[in-house]
Structure formats: structure tokens, C-alpha cells
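Notes for the one structure printed next.
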Amino acid sequence: RYAETDSQMSRDEIQQYMNVRPCEACGGAKLNRASLAVQVGGRNIAWVSGLTISRVRGFFSALGPALTERERIIARKILKEIDDRLGFLENVGLGYLTLDRSAGTLSGGESQRIQLATQIGAKLTGVLYVLDEPSVGLHPRDNRRLLSTLCGMRDLGNTVLVVEHDEETIRAADHVVDMGPGAGALGGEVVFSGPPGRLLRC
């Protein structure tokens, strides 16, 4: 009934009697025994998924030298793809996330940055990206990596429009449009439009 009903009221009623718990057969790994029996570097995919993105990169980096010549030929492209994708996630400040994290537990900013990392990996050109405060909650070190990533997307031939209050992000912009003069209902007018250098003299 929960899956089939169109009524939000019915869903809310049914949801009171629902809870989420790990499967007793797989312990929450979401894989059968045959899949979990497959190991690379002495570890299965469930174990690797339980690591943070930063630690997974370290695991795969250490794996390369441990492979035989034949295994290295087979794994070369796969390891490069894994490292690239994990690198994109790390560069947008998500190195602390574990790969088995449920999507429903992510904040709005984390979800936005995951989508951003996905887009970077796609290496599209001629695309307009609109980002709403992507730097919220980021450590200054991760903020610089995010800015570097955004500049990389711009350099591929994309337009990156960022709604932001962070000074470092504003200074890194090619063009700034400052809305004001106040916030909310007190704003709505273009106070300044131009390069950041001119904004500082305005």
C-alpha cells in the first residue's frame, strides 16, 4: 500500500509502522554470499564501501604495486577510473563520506557536491551550471579545492554561475553581480556588475 498509494496522508499513516534495519543474511552489505566471496587485495566490496572516500583512494593506490604484471595490465584502466572518480569527490570536499552511506542521510550541500563531482567526471562542454552556495560547511582547504574544480569546469568551455556569499569564492570569480542593497525584501536591485577587482573599488 505504501508504494502504490497516491495519498501522502496514507503514506504518513503507514510510515509509523515501518522501520529500516540491516538484512540478517548479509548484515547490510546488500550482496549475496557469492558476491561477498570475491576479494581484491584480500578485501571484499562491502569492506571497501565501508571506508571513507579518502581511505578508499589509499587502498587502491597501495593495491597497484601489489599486483602481478598480468593483473596490472587487466586492472590499469579500472584503477585509473576509480581513482579519477574518487578524486572528483575528494576535490569537492567529500573525502570524509563513506561509499555505503545512504542517499537519504546526505545534506543538501553534500548531494549538490556529489552531482557536481558526477558532472566533472562526465567532462561535458558548453553546459551552464547553476550552483547555490556550494562552499557551505566546507573547510577552507576543501573550499580551495572546490574553487579549483569549478575553474577546471569553466576551462573546459562551460559557464559556471555560483550564488555565493563566501569572499574567497567571490574573489575567484571572472564576473560578479552583486544584488542588494539589503537582503531579502530589501534587495532585488543590481548594485554592482563587473570583475571582482572593480567591486573592491566600488
Side-chain angles (χ1 to χ4, degrees), residues 1-60 63 75 77-139 142 145-146 149-150 153 156 158-164 184:
R1 282 186 60 195
Y2 182 83
E4 292 171 3
T5 184
D6 292 328
S7 165
Q8 187 59 47
M9 198 166 142
S10 296
R11 274 207 189 93
D12 292 342
E13 177 67 26
I14 296 165
Q15 209 163 19
Q16 296 177 64
Y17 308 102
M18 297 169 68
N19 67 3
V20 178
R21 59 192 172 99
C23 166
E24 291 174 10
C26 69
K30 302 182 185 90
L31 294 165
N32 62 30
R33 285 182 186 170
S35 297
L36 291 172
V38 176
Q39 295 190 348
V40 174
R43 302 293 186 176
N44 64 31
I45 192 170
W47 183 88
V48 173
S49 297
L51 299 175
T52 63
I53 287 164
S54 296
R55 288 188 64 203
V56 173
R57 283 191 85 189
F59 171 78
F60 282 111
L63 182 67
K77 287 185 179 177
I78 298 166
L79 289 175
K80 185 185 180 310
E81 187 69 23
I82 289 170
D83 188 63
D84 286 350
R85 287 174 186 250
L86 294 176
F88 297 144
L89 289 166
E90 216 172 13
N91 287 340
V92 293
L94 297 174
Y96 62 90
L97 288 181
T98 59
L99 293 177
D100 62 359
R101 177 98 172 253
S102 169
T105 66
L106 298 170
S107 71
E110 287 169 339
S111 297
Q112 180 176 249
R113 292 201 294 273
I114 287 171
Q115 290 176 344
L116 179 60
T118 304
Q119 291 298 315
I120 296 163
K123 292 193 171 119
L124 298 174
T125 58
V127 176
L128 167 65
Y129 292 99
V130 181
L131 305 172
D132 184 16
E133 297 188 303
S135 69
V136 168
L138 281 183
H139 185 281
D142 292 327
R145 289 165 89 174
L146 174 64
T149 299
L150 296 178
M153 292 172 70
L156 282 173
N158 299 301
T159 301
V160 183
L161 176 66
V162 182
V163 179
E164 189 58 88

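Count residues from 1 along the sequence.
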Worksheet item: Can you tell me if CE on M9 sees more than 12 non-hydrogen neighbours from other groups inside 6.0 Å?
Response: no
Item to complete: Work out which heavy atom in G93 is nearest to a heavy atom in R113; give both atom names and the distance.
Response: O-NH2, 4.3 Å
Practice prompt. Using a cut-off of 6.0 Å, state whether more than 12 heavy atoms not belonging to E24 lie near its atom CD.
Written response: no
Fill in: Atom pair CZ (R1) and OG (S7), whose distance is rounded to the nearest 0.5 Å
9.0 Å
Worksheet item: Any donor and acceptor pair, going by atom type alone, linking the side chain of N158 with main-chain N or O of G126 inside 3.5 Å?
Response: yes
Practice prompt. Please round to the nearest 0.5 Å and tell me the distance separating atom CD of Q119 and atom OH of Y129.
Written response: 4.0 Å
Worksheet item: Atom CZ of F59 and atom CG of L86: how far apart are they, to the nearest 0.5 Å?
Response: 11.5 Å
Item to complete: Supply the atom-to-atom distance M153 CE to T125 OG1, rounded to the nearest 0.5 angstrom.
Response: 11.5 Å
Worksheet entry | Shortest non-hydrogen separation from S102 to T105 and the atoms involved | O-OG1, 2.7 Å
Fill in: Criterion side chain to side chain contact (heavy atoms under 4.5 Å, CB included) against L94, the qualifying member of L89, L146, L106
L89
Discussion item. Could you check whether any side-chain N or O of Q112 sits under 3.5 Å from a backbone N or O of L131, counting only pairs where one atom can act as donor and the other as acceptor?
Written reply: no
Identify every side-chain donor-acceptor pair in residues 45-57 under 3.5 Å, counting partners at least two apart or on other chains, and give the distances.
{"residue": "S49", "atom": "OG", "partner": "I45", "partner atom": "O", "Å": "2.9"}
{"residue": "T52", "atom": "OG1", "partner": "R55", "partner atom": "N", "Å": "3.3"}
{"residue": "S54", "atom": "OG", "partner": "E90", "partner atom": "OE2", "Å": "2.7"}
{"residue": "S54", "atom": "OG", "partner": "G95", "partner atom": "O", "Å": "3.3"}
{"residue": "R57", "atom": "NE", "partner": "D83", "partner atom": "OD1", "Å": "3.1"}
{"residue": "R57", "atom": "NH1", "partner": "E90", "partner atom": "OE1", "Å": "2.6"}
{"residue": "R57", "atom": "NH2", "partner": "D83", "partner atom": "OD1", "Å": "3.2"}
{"residue": "R57", "atom": "NH2", "partner": "D83", "partner atom": "OD2", "Å": "3.4"}

Fill in: Close side-chain approach of L156 to V127, heavy-atom, < 4.5 Å
no
Item to complete: For E81, check salt bridge (charged side-chain N to carboxylate O under 4.0 Å, His left out) against everything at least two apart and list the hits.
Response: R85
Worksheet item: Where is the tightest heavy-atom contact between Y2 and M18, given as atom of each residue plus distance?
Response: CD1-SD, 3.8 Å
Discussion item. For R101 versus L97, what's the shortest heavy-atom pair and its separation?
Written reply: NH1-CD2, 2.9 Å
Discussion item. Minimum heavy-atom separation for S10 and T5, please, with both atom names.
Written reply: CB-OG1, 3.7 Å
Worksheet, complete the sentence: When rounded to the nearest 0.5 Å, the distance separating OH of Y96 from OG1 of T98 is 10.5 Å
